[in-house]
Amino acid sequence: MKASRLKQMVPGFALIIGIMAGTALAMVPGSTAETTETQVGPTPVQKICSASCKPCSVQAHCGQGEGSCGIWRCTNPM
């Protein structure tokens with residue numbers, strides 16, 4: 001293979017590897033809370049701050065950096 005042909009192929013390989021790495025990183029979970037699909041049974045729904053898992057009823061209860069108040073499943077309690 002000629003060196004000039006190899007030089008033309010290198011940017012293509014770099015692009016493919018970059019896309020594969022980006023796709024792999026997109027599949028890694030990064031948030032600490034997940035939304036719940038459905039509630040089973042008559043259990044009351046409790047809202048929590050998405051980042052801190054702190055109980056809340058309105059967004060004002062979640063301070064700076066604690067995420068948004070909503071129906072979440074806590075996966076990383078502090």
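This structure is a prediction, so every number in the text was calculated from the model and none was measured.
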Are the sulfur (SG) atoms of Cys69 and Cys56 separated by under 2.5 Å? yes
Is there a donor-acceptor contact under 3.5 Å from the side chain of Ser50 to the main chain of Ser68? yes
Pairs touching residues 50-62 that satisfy salt bridge (charged side-chain N to carboxylate O under 4.0 Å, His left out), sequence neighbours left out: Lys54-Glu66
Is there a donor-acceptor pair under 3.5 Å between the side chain of Gln59 and the backbone N or O of Gly70? no
